[in-house]
Amino acid sequence: MAYIIDRRLNSKKKSTVNRQRFLRRYQQRIKKAVSEAIDKRSITDMDKGEQISIPTKDITEPTFQHGSGGKNTRVLPGNDQFTRDDHIQRPRNGQGQGGAGQGASDSGDGMDEFAFQITQEEFLNFMFEDLELPNLVKRQLMGVDNFEFRRAGISNEGNPGKVNIIRSLRSANSRRIALTAKKRRRLKAILKELEELEEEEQKEADDNSADLLAQDDRAKQITALKTEAQELQTKIKRVPWLDDFDLKYNLHVKHPLPQSKAVMFCIMDVSGSMDQNTKDIAKRFFLLLYLFLQRNYERTEVVFIRHHTSAKEVDEQEFFYSRETGGTIVSSALHLMDNILTTRYSPSQWNIYCAQASDGDNWNDDSSVCYKLLTEKLLHKLQYFSYIEITSRDHQALWHAYGKILEDFPDTFAMKQLEDTADIYPVFRQLFQKKAL
Amino acid sequence: MKQKPLSTDSEWTFELLEKYTTEIAKIAEEFGLDTYPNQIEVISSEQMMDAYSSIGMPIGYNHWSYGKQFLSVEQSYKRGQMGLAYEIVINSDPCISYLMEENTMTMQALVIAHACYGHNSFFKGNYLFRSWTDASSIIDYLVFAKNYIAECEDRHGIDEVEAILDSCHAIMNYGVDRYKRPYPISPEEERKRQKEREAYSQQQINDLWRTIPVSESEKTQQQEKRFPEEPQENLLYFFEKHAPLLEPWQREIVRIVRKIAQYFYPQRQTQVMNEGWACYWHHFLLNTMYDRGFVTDGFMMEFMQSHTGVIYQPPYNSEYYSGINPYTLGFHMMTDIRRICENPTAEDKEWFPDIAGSNWVTTLDFAMRNFKDESFILQFLSPKLMRDLKLFNILDDDDNSDIVVTAIHDESGYHELREHLSAQYNLGNNEPNIQVYSVDVRGDRSLTLHHYRHNRKPLKDGDTDEVLKHVHRLWGFDVHLHSMEGDKAEQSFTCPAKPVAP
């Protein structure tokens with residue numbers, strides 16, 4: 001007797017929980033490996049406390065085992081040369097011709113590196129683990145796509161699918177009680193009276209002391225009572241068991257869900273002084289920021305603005321790969337950004353971030369314009385503005401102008417200098433490091 | 001009339017699976033295989049990886065070590081370093097076997113013969129399985145265990161539960177009570193009893209640790225009496241019943257791990273026999289199918305190739321050598337028993353007077369039912385097979401400067417070889433023999449374990465310290481472990497480690 005069952009469509013992820021347990025347990029190490037994979041600087045949160053001996057949270061699961069030594073015998077297959085009482089040189093340090101001691105133990109010893117994969121999601125989790133977005137997240141009621149039905153008590157109207165059986169029957173029951181109470185009370189009294197009369201009758205019949213007149217009276221009374229009782233019973237029966245207005249329905253109301261969304265402005269200088277390598281560094285930085293925002297907001301939009309002497313909103317391809325020459329006027333980009341903000345992204349609904357990358361070149365007169373623009377128009381609308389200067393040369397006017405902003409707006413403004421690719425992640429971490437409260 | 005083959009190409013379908021199963025079942029019945037009903041489940045390779053990493057339990061509680069197992073299986077499978085097993089079979093009633101959807105028809109038939117009739121009949125017939133496991137209640141018990149542990153995680157946090165499970169797993173091999181047979185009970189009953197146990201056991205513990213002063217005469221008596229009176233080999237049971245600081249739910253978890261260890265105990269003792277029996281029967285059943293015309297030549301070629309792969313034994317000096325292949329040894333012993341029954345030589349008649357010339361079906365059945373690896377080898381390993389496998393025995397004694405070959409496959413060596421090979425399958429020799437020796441009930445409540453050395457083998461240092469930390473967690477007070485050679489302690493371990501005096 002055999003049953004054949006197709007289980008292929010059953011869930012495949014039976015081990016997911018266990019896998020997560022494993023990651024959770026080795027969180028610290030994985031985190032370390034992750035940050036070492038990106039840069040050499042790691043967040044070491046070593047806590048030197050008092051010495052308590054606890055099982056090392058180690059990856060091996062220890063069991064009692066024999067050590068080497070003592071007397072071991074082993075039967076081996078495939079004898080090709082030995083006869084009884086042959087002597088064999090003891091192989092040095094175990095790994096000889098599979099004989100000595102515990103050579104063939106299948107547990108533990110062999111593995112020194114336990115390698116496994118984590119998904120991108122998990123990788124990012126570890127990567128951004130102790131970073132935070134500065135300056136809280138605005139959540140806005142969008143009114144459009146996201147709704148949730150929430151329970152909102154009981155109503156007298158609704159569709160049949162939502163009948164609340166318990167409530168309906170309960171109200172039917174109370175209605176029946178209310179409508180019949182008086183009648184039942186009367187019925188009870190009648191029955192009692194009848195019983196008494198009948199008892200009396202019985203008693204008289206037993207004693208043979210019948211008074212004919214009284215007997216007749218009583219007979220009439222009994223009949224009258226019986227008729228009344230019958231009537232009452234029919235009336236009680238006529239009260240319907242379930243009536244239309246007994247029906248109660250579960251009420252659900254539509255509830256709009258707040259949604260958080262962010263827009264990220266990428267501003268880059270594309271003047272002749274920015275070479276492909278510098279752009280590449282900028283791109284990576286933007287990418288990192290984008291990933292980070294995406295994890296924190298349900299919706300993230302990106303606006304690319306490139307500028308030389310005039311600014312232009314472009315698509316991603318153009319942003320990173322086309323080249324133009326000319327001078328640099330940073331304020332043109334800031335102007336454009338301000339325009340876009342007023343027309344498309346109202347600060348009351350959007351979380352606005354801006355990342356600007358430049359090699360630091362700017363028209364000298366322009367830097368003060370930038371300062372004014374940022375401090376007066378832009379910064380109070382933004383969640384965060386980060387400026388990275390990709391250069392190994394000395395700073396110029398723009399850096400100094402921004403330096404002043406940093407003093408005035410330390411919470412929403414940040415600036416850092418980058419020299420090459422290896423700096424990106426550390427600088428990013430510095431910018432978004434969780435601030436101690 | 002000539003029988004038409006059941007199928008001619010390698011694709012399998014559910015109808016074909018059914019046809020093959022029916023034919024295999026008929027032959028199996030003809031030769032007296034007694035099995036639990038079969039439940040054959042077709043699964044995908046991912047599901048197979050899942051099944052793999054939960055040590056073959058169809059329903060397992062959650063623990064990180066299974067996740068680790070899963071990750072390593074997944075890793076090596078995806079890199080192509082390892083193929084997955086063709087099947088997994090579970091000792092339950094009905095007997096659940098998993099078939100992988102990637103297998104060809106031939107492989108499916110092989111697996112059905114191997115698992116659904118070979119292993120299945122072994123589970124049902126072998127005395128160890130009969131007395132140690134209860135196939136009909138294991139699934140229920142696993143469900144109970146999973147739910148209970150999940151409940152504990154809700155109540156006490158994942159970390160707490162994980163810590164206890166880690167500690168229990170470390171001494172899982174010391175959770176078997178070799179002399180008492182557990183009784184099967186239903187999950188409801190299990191839950192009910194668990195509540196009772198909780199209340200009762202706490203009371204018992206409190207009694208053991210009672211601090212009310214005792215009268216003088218009683219005192220002297222008690223001091224003379226050691227607790228426990230006899231050394232205890234079942235460490236998990238001892239902790240479940242006597243560890244002073246465990247909470248009731250922790251005791252229940254100790255018990256769950258102990259029960260599961262017990263369920264797997266027979267499998268660890270019958271690897272050679274179990275695999276040998278299953279290999280013998282898949283070989284026999286499929287060959288009979290061929291003789292009767294149910295399968296094609298092509299089918300047999302594929303089958304034989306896979307079969308020889310499974311039972312290949314690399315020689316001791318091969319780079320692929322990793323111990324004696326239980327499939328090889330088991331299959332050859334089973335085949336050899338049949339040969340002795342049917343065509344005994346003079347040598348066989350001298351060595352096996354009882355079975356030479358007897359009915360092979362009954363003899364094999366008898367062997368399957370009444371032995372475990374150790375005794376099976378001691379009883380049935382024939383000189384011919386030792387010659388065929390070219391077995392030899394080496395002695396590695398740290399008192400000698402060289403390794404000595406003490407016996408080879410010749411007249412003077414057969415007995416010795418057989419004894420040594422048999423001893424190699426004695427779990428008692430392979431695992432350090434560690435028992436609870438005493439508890440300082442009136443003093444610092446420290447626990448003393450003794451390791452009784454076998455062939456002067458010491459305990460491995462690092463691992464032992466680690467395990468002791470787990471033991472310490474379960475016991476709650478100091479733990480000492482002495483490795484005893486006769487009456488002398490050769491090694492001593494203590495947890496928590498005492499600072500070394502300068």
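Bear in mind the structure is a predicted one, so any value in this text is a computation, not a measurement. Letters go in sequence order (proteins before strands), and every chain restarts at 1.
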Next item on the list: Mind ranking B/E485, B/E153, B/E29 by heavy-atom pairs under 4.5 Å with chain A and telling me who comes out on top?
Entry: B/E153
Checklist line | Region of B/L395 in contact with chain A, defined by heavy-atom distances below 4.5 Å | finding: both
Next item on the list: Using a cut-off of under 4.5 Å on heavy-atom pairs, state which of B/T464, B/T22, B/I434 scores highest against chain A.
Entry: B/I434
Notebook entry, point to check: Any idea which of B/R456, B/H454, B/E319 has the most non-hydrogen atom pairs under 4.5 angstrom with chain A?
Noted result: B/R456
Notebook entry, point to check: In terms of ring plane angle, is the pair B/Y61 and B/Y66 parallel, tilted or perpendicular, where the classes change at 30° and 60°?
Noted result: tilted
Note to self: Can you see whether B/S97 engages B/Q39 through a side-chain donor-acceptor pair at a distance of less than 3.5 angstrom?
What the structure shows: no
Check: Distance from B/N393 atom CG to B/R418 atom CZ, nearest 0.5 Å?
Finding: 14.5 Å
Next item on the list: Would you mind checking which part of B/D461 comes under 4.5 Å of any heavy atom in chain A, side chain (CB onward), backbone (N, CA, C, O), both or neither?
Entry: neither
Check: Side chain, backbone, both or neither: which part of B/Y174 has a non-hydrogen atom closer than 4.5 Å to chain A?
Finding: side chain
Item checked: Between B/D399, B/N62, B/D410, the one whose heavy-atom pairs under 4.5 Å with chain A are most numerous -> B/N62
Next item on the list: Indicate yes or no: at least one non-hydrogen side-chain atom of A/L76 is less than 4.5 angstrom from one of B/I324.
Entry: no
Margin query: Is B/L391 in contact with chain A via its backbone, its side chain, both, or neither, using a 4.5 Å heavy-atom distance?
Written below: both
Next item on the list: Considering only heavy atoms and a distance below 4.5 Å, find which of A/G69, A/P62, A/P77 pairs most often with chain B.
Entry: A/P77
Note to self: Salt bridge check, B/D159 against A/R24: does any charged N sit closer than 4.0 Å to a carboxylate O?
What the structure shows: yes
Next item on the list: Could you look at B/S412 and say if it's the side chain, the backbone, both or neither that has a heavy atom under 4.5 Å from chain A?
Entry: both
Margin query: For B/Y312 and B/Y320, I'd like to know if the aromatic rings sit close, meaning centre-to-centre distance below 6.0 Å.
Written below: no
Notebook entry, point to check: Does A/K71 come within less than 4.0 Å of B/D396, counting only side-chain N to carboxylate O?
Noted result: no
Notebook entry, point to check: At a heavy-atom separation under 4.5 Å, does B/T21 approach chain A through its side chain, its backbone, both, or neither?
Noted result: side chain
Checklist line | Partner chain A: residue of B/P314, B/P94, B/C116, B/S65 with the largest heavy-atom pair count (under 4.5 Å) | finding: B/S65
Next item on the list: With a 4.5 angstrom heavy-atom cut-off, could you sort out which part of B/L481 is near chain A: side chain, backbone, both or neither?
Entry: side chain
Margin query: Does any backbone or side-chain atom of B/E18 lie under 4.5 Å from a heavy atom of chain A? Answer side chain, backbone, both or neither.
Written below: both
Item checked: B/E41 portion near chain A, given a 4.5 angstrom heavy-atom threshold -> both
Item checked: Proximity breakdown for B/L421 and chain A, heavy-atom pairs closer than 4.5 Å -> both
Margin query: Test your reading of the model: is there a side-chain donor-acceptor pair from A/N79 to the backbone of A/Q81, 3.5 Å cut-off?
Written below: yes
Checklist line | Within the 6.0 Å centroid threshold, strictly below: A/F82 and B/F392 | finding: yes
Next item on the list: Please report the closest heavy-atom contact between A/T63 and B/D463, naming both atoms and the distance.
Entry: O-CB, 3.6 Å
Checklist line | Contacting moiety of B/H409, where chain A heavy atoms sit under 4.5 Å | finding: side chain
Next item on the list: Report the option among B/L329, B/D388, B/D398 that has the most heavy-atom pairs separated by less than 4.5 Å from atoms of chain A.
Entry: B/D398
Next item on the list: Anything under 30° is parallel, anything over 60° is perpendicular, the rest tilted; go ahead and classify B/H169 against B/H63.
Entry: perpendicular
